[in-house]
There are 2 protein chains.
Amino acid sequence: MVVFAGQGDPRRSLSLLWRADAPPPARGGPGPKPRLSVDAIVAAAVALADEEGMTALSMRAVGDRLGRTAMALYTYVPGKSELLDLMYDAVHAELPTAYPESESGDWRAALTAWAGEVLEFYVRHPWVLQVSQARPVLGPHEYAGLDTLVTLLRATGLPTGVVRRLVGTLFPYLRGSAQAVADARLAAAATGSSDEEWWAARSAALLELVPDFAERFPAVSGLEAEGPAEPCPGEGAEGAEGVPYPEREARETFRVGLGVLLDGIEAARVGRT
Amino acid sequence: MVVFAGQGDPRRSLSLLWRADAPPPARGGPGPKPRLSVDAIVAAAVALADEEGMTALSMRAVGDRLGRTAMALYTYVPGKSELLDLMYDAVHAELPTAYPESESGDWRAALTAWAGEVLEFYVRHPWVLQVSQARPVLGPHEYAGLDTLVTLLRATGLPTGVVRRLVGTLFPYLRGSAQAVADARLAAAATGSSDEEWWAARSAALLELVPDFAERFPAVSGLEAEGPAEPCPGEGAEGAEGVPYPEREARETFRVGLGVLLDGIEAARVGRT
DNA sequence: CTTGATACCTTACGGCGTAATGAATCCCCC
DNA sequence: GGGGGATTCATTACGCCGTAAGGTATCAAG
């Protein structure tokens, strides 16, 4: 399921995102004291999405988690779309914002470290990957994350136009790779059987249904035949023991792909000077 | 909204995907003649998703389009998840499968052409990008597309392990870039105002709410200040006239990013020989 | 104490996917 | 040629969803 955010009134979303409303303790107006707050609601919604996934995120569920009904939320938030906007921006506060490596001139190390942290961020909040990128409304924390990436890319010395395109290149790549890692983890958690077993059963069923698989798809078959094992010595040494195979593979793919991208950036730098 | 496919019974999905069921005209069994078919249902569902997007895709709507009720579909398809699997694979039949350039040894031209066609494919069926990649069930057409990519990558002469990782690098990148293009097109269609106007209004509202934007996000501001115009002479000459600006920009980003990736692959090739 | 604004609840509506049940249709075989 | 039984398709219903409408309880200000 893909969830669209940013569908509500943009102005309302913007004021909520940038907290431009009247400050809560300012006027002690009439009526009962609010027992909820935008922040509390967003926090509950994020916790729920983290724990049970986007499909479990409903206004009723968020309300329950706060000991309120679904409709109580509408006092603070115009609707689910806007709540999603707020959730999305709130978690982006976890993105890294400063890199000492960048100042020492090693843009490549800085970008690699940054990408690694962003990957972990997406794995921590996989539901973020299900929020459509068509959102016209950007919040402060997302802008802060963007600012960091732009700063790191500026350190390459490439011209502004190229930097802008590289931003648009790196982000989709990161999201996609993170999606792969998150999916691998999800699949591992969902299936009771162990990792290799699962693939074995799947391909056995496939081979039974499609006996001529190897002939129809020779290239893919060749790829899989070569054996996925070979743990690529010298990498993933630290703490990769308990990580199941598909996720390890996805992470390695991320590492290699990022390397290729950075090589390409390096080439652009060299070609320019 | 992200939609999960591949959640149903994998064996059932597999037989449906690979059309391993009893052939329809084989046995003229008892009962009324089927007035529907899996293919007709899938075609109707795809048409509906193409025209009105994923959010409009419901069993009732697909049934309506065929002059039947929603429940009638359940005779042919176990559920919505499996229908999504079938839709997903069905459209992937449009992916290109052969490249003469590849045989002439120009792997770079072949990959570029391939990526371009895949991009157009995603733009033609943007809902495909909303189908979660966590699908454990792969269909024949998706495998065929994969086989083509592997073949093209093999032409680089890189070792099998690297090729496998490059597959996992190119696909997320393509999906992400296509998402950006599709989003740009969607935004252009949704907003009545023209493109630059839209951004102008948005940033005006933002600046009003956040007067210190330029100070808080200097790098991003610098990026946008440098002017997005400059049509990059020598490219996009053919037929890019009517394409609105955000989409042109997204396409250019795709082109540049792909170039960077291919440069990286080139570097890997050179570094290896 | 009254007034009126505010927070929260209850109820309800129209959507969704789909389980259960029933009616209509047609081949096969006696 | 007329049941029998399998099969297609429709009807109804259940429990979810987001949220509109309206009621009630709580508080500050006059």
Side-chain angles (χ1 to χ4, degrees), chain A residues 1-9 12 21-22 24-41 44-45 48-49 52-87, chain B residues 1-9 12 21-38 40-41 44-45 48-49 52-87:
Chain A
M1 168 189 33
V2 178
V3 183
F4 282 99
Q7 304 293 79
D9 177 20
R12 185 89 173 88
D21 293 357
R27 45 120 207 64
K33 285 173 177 130
R35 295 185 289 167
L36 246 44
S37 69
V38 173
D39 290 309
I41 291 172
L48 197 125
E52 314 196 34
M54 197 67 127
T55 55
L57 186 84
S58 72
M59 299 300 270
R60 285 170 172 88
V62 175
D64 275 3
R65 195 170 255 260
L66 294 162
R68 288 300 107 84
T69 67
M71 291 312 291
L73 310 182
Y74 285 84
T75 307
Y76 304 87
V77 163
K80 199 190 182 183
S81 277
E82 289 82 356
L83 175 55
L84 254 168
D85 279 335
L86 291 171
M87 292 170 61
Chain B
M1 167 191 35
V2 177
V3 183
F4 281 99
Q7 303 292 78
D9 177 21
R12 186 90 172 85
D21 293 358
R27 44 124 209 59
K33 287 180 174 124
R35 294 185 290 168
L36 247 44
S37 70
V38 173
I41 291 172
L48 196 126
E52 313 197 33
M54 197 67 125
T55 55
L57 185 83
S58 72
M59 298 300 270
R60 285 170 171 88
V62 175
D64 276 3
R65 193 170 258 258
L66 294 162
R68 243 23 45 101
T69 65
M71 291 313 291
L73 310 182
Y74 284 82
T75 307
Y76 303 87
V77 162
K80 198 189 184 185
S81 276
E82 290 82 355
L83 174 56
L84 254 168
D85 278 335
L86 292 170
M87 293 169 61

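The shown structure was predicted, so the numbers you read here are calculated from the model rather than taken from an experiment. The sequence lines fix the lettering, A, B, ..., with proteins before strands; numbering per chain opens at 1.
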If I take atom [atom1] in residue [X] and atom [atom2] in nucleotide [N], what distance separates them, rounded to the nearest angstrom?
| X | N | atom1 | atom2 | value |
| --- | --- | --- | --- | --- |
| K33(B) | dT25(C) | NZ | P | 13 Å |
| R68(A) | dA25(D) | CZ | C1' | 14 Å |
| I41(A) | dA7(C) | CD1 | P | 11 Å |
| E52(B) | dC16(C) | CD | C1' | 16 Å |
| L66(A) | dC8(C) | CG | C1' | 13 Å |
| L36(B) | dT25(C) | CG | C1' | 16 Å |
| L84(B) | dC16(C) | CG | P | 15 Å |

- request: Please report the shortest heavy-atom distance between Y76(B) and V38(B), naming the atom on each side.
  value: O-CG2, 3.7 Å
query: How far apart are the closest heavy atoms of A56(B) and L48(B), and which atoms are they?
result: O-CD2, 3.2 Å
message: Checking T75(B) against L36(B) for the side-chain contact (heavy atoms from CB on, under 4.5 Å) test, could you report, in this order, the C-alpha distance in whole Å, the side-chain angles of both residues, the deciding distance, and whether it holds?
response: CA-CA 9 Å; T75(B) 307; L36(B) 247 44; over 6 Å; no
- request: Could you tell me whether the phosphate oxygens of dT8(D), OP1 or OP2, come under 4.0 Å of any side-chain nitrogen or oxygen in R35(B)?
  value: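 It does not, given that no N or O in the side chain of R35(B) lies less than 4.0 Å from OP1 or OP2 of dT8(D).
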task: Determine: side-chain N/O of Y76(B) to OP1/OP2 of dT8(D), distance under 4.0 Å, yes or no.
output: no
message: For the CG atom of L83(A) and the CG atom of L57(A), what is their distance to the nearest 0.5 Å?
response: 6.5 Å
- request: Check whether any side-chain heavy atom of M54(B) sits under 4.5 Å from a side-chain heavy atom of L84(B), and report yes or no.
  value: yes
Between the protein and nucleotides 2-5 of chain D, which nitrogen or oxygen pairs come in under 3.5 angstrom?
none

task: With sequence neighbours excluded, tell me which residues meet side-chain contact (heavy atoms from CB on, under 4.5 Å) with P78(B).
output: R12(B), L16(B), E82(B)
message: Please enumerate all residues that pass side-chain contact (heavy atoms from CB on, under 4.5 Å) together with S37(B), with sequence neighbours excluded.
response: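 Expected list: D39(B), A40(B).
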statement: For nucleotides 11-19 of chain D, 5' to 3', base contacts (B), sugar-phosphate-only contacts (S) and non-contacts (-) with protein non-hydrogen atoms under 4.0 Å give B-B---BBB
Please output the side-chain donor-acceptor pairs of residues 59-67 of chain A that fall under 3.5 Å, not counting sequence neighbours, one pair per line with the distance.
unit_1: R65(A); atom_1: NH2; unit_2: E51(A); atom_2: OE1; d: 2.6

